[in-house]
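These notes are about the structure you will find just below.
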2 protein chains.
Amino acid sequence: MPTRPAPAYLRIASQLRDQIEGGELSTGSALPSERDLAESLGVSRMTARHAIMVLESEGYVYRHTPRGTFVASPRLPMRIGSFSDEVARSGAEPGDELLWAEAQTPTQAVREALALRGRAKVHAMQRLRTADGAAVAIETTYFPAALTPGLLAEPLTGSLWSLLRDRYGVVAVHASASLEVVALDEVSARRLAARLAAPGILVTRRTFDRDGTCFEFARDLYRADRVEFRVDAQVG
Amino acid sequence: MPTRPAPAYLRIASQLRDQIEGGELSTGSALPSERDLAESLGVSRMTARHAIMVLESEGYVYRHTPRGTFVASPRLPMRIGSFSDEVARSGAEPGDELLWAEAQTPTQAVREALALRGRAKVHAMQRLRTADGAAVAIETTYFPAALTPGLLAEPLTGSLWSLLRDRYGVVAVHASASLEVVALDEVSARRLAARLAAPGILVTRRTFDRDGTCFEFARDLYRADRVEFRVDAQVG
DNA sequence: CAGTGGTCTAGACCACTGG
DNA sequence: CAGTGGTCTAGACCACTGG
């Protein structure tokens, strides 16, 4: 039973993948442009482009429009926990950039997650999280305002769990999370320097204090090609 | 600051997404063909196709080549645990199809995961896991042969954990897993009835007995558009 | 201003499915 | 055998970046 030959775009993707894994194309180096690749292989630009899009979806390369396409770094192993700690554990330098921070009237989803009652407010903030300067995730976090007076006046950089522990005596001991793969929308893709509709991992999570109180609700949107998640679970 | 209009393929994707979320296009119903969509909207087929590929990567629709494109079901909420139990918890019917089962000399990765010594063999098997008849995951599982004599002669259907408990007294109490997003290769994509290079979630996991012995190593490859994962973690 | 990727056109041929 | 999605061509114009 003769198998049909693989389509051209997959053969080209395999060639490039081998060159990346073999070290001929090293981290950060530029791939040939779509036009050059097409010409040198005798295919149309759309076919060369298709091959590169496969590698992009696999996380091997990333676009830096309109400068070119470059070989990506290997993935960061992450656990559900402190972003700063997890990145540092991999030997990379964690970083963050505050996008916004404000007091809000919570939406229904946030109210329920934090078990808020009456007219309780929340302190909300969004940060871009980086590793060695590269965008990894957009983190949107909500804390009960009653539990965190004056939080918005603090420097919201680094580990928020450390800040909450030192400032308010709130200690994170347990987290509950949901992970799903989504396509990045226009705004998120731009912030993460990713391609529109590239795969992202949306982590929706709640963090609990020693006494079982949920003190944090967060939605973290990761570039799927930059991380892998490690989890432990009691089963049976 | 006037913003540029969104590209045509994104506007078309949004239109279709709204129709799906609004119920005008219900689960299982067919989308217009790429050619029909292109003609009715006055764009080229490649542009209509691009829009549908966005929805496919978001999990809203799936292809059933060459029959057409159809509206997908909502995602299954999964935890690290028994596939059968998790699917049943959602009210769907779990199913499986045995792809192969055999005794093997373990690879280095399997040997290390199961902490095997000397010339210890493993019982290996691969199953397609389904929910209401739809392919959800390909599960490749390894058990120490010494722990599971005669396993390959058993009917390898349903929950393997139940089988191991009843037959060998091995009880799953803890699991450790890694989740990463990958692109589906040709074989996996075909088995999962997914598009080549569509996003998959590779779950690499180890399961432990009451006494802390690792008795199972598995690689589960999920269609990313069919599931979401829920996890709990001790942190700090 | 040269070169990049992003988008788009208007075609073509293919394998495969179901009626 | 009609119709589908899968692949591919050979072009085009665009916004944007860096030198």
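Chain naming here is simple, since letters A, B, ... match the order of the sequence lines and numbering starts at 1 in each.
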In whole angstroms, how far is the [atom2] atom of [N] from the [atom1] atom of [X]?
X	N	atom1	atom2	result
Arg63(A)	dT17(D)	CZ	C1'	16 Å
Leu37(A)	dT4(C)	CG	P	12 Å
Asp36(A)	dA2(C)	CG	P	16 Å
Arg190(B)	dG6(D)	CZ	P	14 Å
Phe70(A)	dT17(D)	CZ	C1'	11 Å
His50(B)	dG6(D)	NE2	P	14 Å
Glu39(B)	dT9(C)	CD	P	14 Å
His64(A)	dT17(D)	NE2	P	9 Å

Just how far is it from atom OH of Tyr60(A) to atom OG1 of Thr27(A), taken to the nearest 0.5 Å? 12.0 Å
Quick one: CE on Met125(A) to OH on Tyr142(A), what's the gap to the nearest 0.5 Å? 10.5 Å
Quick one: ring pair (Phe, Tyr, Trp, His ring centres under 6.0 Å) partners of Phe83(A), sequence neighbours excluded? none
Below 3.5 Å is the cut-off: list the nitrogen or oxygen pairs between protein and nucleotides 10-15 of chain C, distance only.
{"residue": "dA12(C)", "atom": "N6", "partner": "Arg45(B)", "partner atom": "NH1", "Å": "3.3"}

Represent DNA chain C in dot-bracket notation, 5' to 3'. Only Watson-Crick or G-U wobble pairs with both distances under 3.5 Å count; pseudoknot-style crossings use [ ] and interstrand partners use |. ||||||||||||||||||.
Any donor-acceptor N or O pair under 3.5 Å, side chains Gln108(A), Glu112(A): yes
Side-chain donor-acceptor pair under 3.5 Å between Thr157(B) and Arg127(B), yes or no? no
Counting side-chain heavy atoms from CB outward, which of dG5(C), dT17(C), dT7(C) is closest to Ser33(A)? dG5(C)
How about Ser84(A) and Arg129(A): do any of their side-chain heavy atoms sit closer than 4.5 Å? yes
Counting only side-chain N and O atoms of [X], is one of them less than 4.0 Å from OP1 or OP2 of [N]?
X	N	answer
Tyr9(A)	dC8(D)	no
Arg49(B)	dG5(D)	no
Thr47(B)	dT7(C)	no

Carefully, step by step, assess Glu34(A) and Arg49(A) under the rule salt bridge (Lys or Arg N to Asp or Glu O under 4.0 Å). CA-CA 6 Å; Glu34(A) 294 174 354; Arg49(A) 178 177 175 75; 2.9 Å; yes
Step-by-step side-chain contact (heavy atoms from CB on, under 4.5 Å) determination, Thr204(A) to Phe217(A): CA-CA 8 Å; Thr204(A) 307; Phe217(A) 175 65; 3.7 Å; yes
Check the pair Val203(A), Val231(B) against side-chain contact (heavy atoms from CB on, under 4.5 Å), reporting the backbone distance first and the verdict last. CA-CA 10 Å; Val203(A) 178; Val231(B) 302; over 6 Å; no
